[in-house]
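Quick note on labels: first sequence line is chain A, next is B, and so on, each numbered from 1. All values below come from the heavy atoms of this structure, side chains included, with hydrogens, waters and symmetry mates left out.
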Amino acid sequence: MDRGAIPTSDIPGAVDVQATLESGQTYLWWRPDGATYETDGAYGGSAWYRTVVDGDVVEVRQTADAIEWRSTTDAAPLVRELLGLDDDLHEIRRAANGDDLTSAAWDAYDGLRIVRDPFFGCLVSFICSAQMRVERIFAMQEALREQYGAPIEYGGETVHAFPEPGALAAATEQELRDLKLGYRAPYVQRTAEMVASGELTERDVRGRAYELAREQLTGFVGVGDKVADCVLLFSLGYLEAVPLDTWIRSAIDDHYPDCDRGNYADTSRAIREQLGPHAGYTQTYLFHYLRSGGDA
DNA sequence: CTCCAGGGAGCCT
DNA sequence: AGGCTCCATGGA
């Protein structure tokens, strides 16, 4: 077992691991202590969080002056990547819209960083997110791991990775419905099939210009513009992507009505113009802030 | 009971 | 392109 610590002094801007991992932007981390996300905010923010990347278990927790990690590999660079620790939050916020709402959201969760989830897990988890509450999206991903994820022996326990595309492609629609995926079950199966067969993969998306990348992603079954933006933002590092979900649409209605252009593509351009470069960063702060009861 | 949750597919015009 | 309608599930 490898372990280490990344001093917060080596990170540009604030870091808040809890806000980063419990803000509904990633469903691929969990608490090995068994605590359910969002049910007990009283633990002080120092709990361990766990995920699996390319067969390696990675755990992180926040201390007073560092991000501690332990892993089956030398995970320091990986942790920096996964948690967006190289993003310069000073610069990103400085360039953002400084209106009252966005300032309140940034102040409330200073240190929240945009994650870089592995592509396939991000894709599947946001296909599952359609018309579904955050807590239940976590539960669905856990069920997929337990049922289809490769087991890894780790410190005397068995940890399950997120399923490989082939494993979900081989599942039946009914099996996935039995995991309470509902009408998303065939979407997940068919998208997994596309990735596993090579019909459409991360390589067809990564590196393309933002709007073209979004268009490519909508080729997956169960992926429209909104889910595509989530994958671009939370996996591929397109920090300008602004997923237009129910919460940000509500914020547009209440605070930026001129940005509502009646269709996704034009509203997207308008809100990106409104929120500035790295608009996805501000969108994620707004999502977490509004959903947590801010802006009453 | 109804309403809603990080929407999208299929079908219609 | 833009507007329906339907789609599972569970908590408020």
Separation of A:Leu181 atom CG from B:dA9 atom C1', in whole Å? 17 Å
Please report, rounded to the nearest Å, how far the P atom of B:dG8 is from the CZ atom of A:Arg214. 11 Å
Out of C:dG2, B:dA9, B:dG7, which has the shortest distance to the side chain of A:Tyr187? B:dA9
Atom CZ of A:Arg184 to atom C1' of C:dC7: distance rounded to whole Å? 8 Å
If you check the A:Arg190 side chain, which of B:dG10, C:dT9, B:dG7 turns out closest? B:dG10
Looking only at atom P, what distance separates C:dT5 and B:dC3, rounded to whole Å? 15 Å
Test: A:Arg61 cationic atom under 6.0 Å from A:Trp69 six-membered ring centre, within 45° of axis: no
Looking only at the side chains, is there a donor atom on one of A:Ser250 and A:Asp253 sitting less than 3.5 Å from an acceptor on the other? no
So which nucleotide from C:dT9, B:dG7, C:dG2 ends up closest to the side chain of A:Thr246? B:dG7
Aromatic A:Trp30 / basic A:Arg145 pairing, under 6.0 angstrom, 45° off normal: yes
N or O in side chain of A:Arg177 less than 4.0 angstrom from C:dA8 OP1/OP2: yes
Using the P atom in both, what is the distance from B:dC11 to C:dA8, to the nearest Å? 15 Å
Separation of atom NZ in A:Lys180 from atom P in C:dG11, rounded to whole Å: 11 Å
Given atom CE of A:Met132 and atom C1' of C:dT9, what is their separation to the nearest angstrom? 5 Å
Residue matched to C:dA12 through Watson-Crick or wobble contacts both under 3.5 angstrom: B:dT2
To the nearest Å, how far apart are A:Ile137 CD1 and B:dA5 P? 12 Å
Would you kindly compare A:Gln25 and A:Gly222 by the position of their nearest DNA chain B nucleotide and give the one closer to the 5′ end? A:Gln25
Does the base of B:dG7 carry an N or O that pairs as donor and acceptor with the side chain of A:Tyr183 under 3.5 Å? yes
Distance-only side-chain donor-acceptor flag, A:Asp107 / A:Tyr289, under 3.5 Å: no
Quickly work out the A:Leu123 CG to B:dG7 P distance and round it to whole Å. 16 Å
Looking at A:Gln131, I'd like to know whether one of its side-chain N or O atoms comes within less than 4.0 Å of OP1 or OP2 on B:dA5. no
Write down the atom of A:Ala185, the atom of A:Glu173, and the distance for their closest heavy-atom approach. CB-O, 3.7 Å
Given atom CD1 of A:Ile127 and atom P of C:dA8, what is their separation to the nearest angstrom? 16 Å
What's A:Phe234 touching, base or sugar-phosphate or nothing? Going by heavy atoms closer than 4.0 Å. base
Which listed nucleotide (B:dG10, C:dC7, B:dC4) is nearest to the side chain of A:Arg133? B:dC4
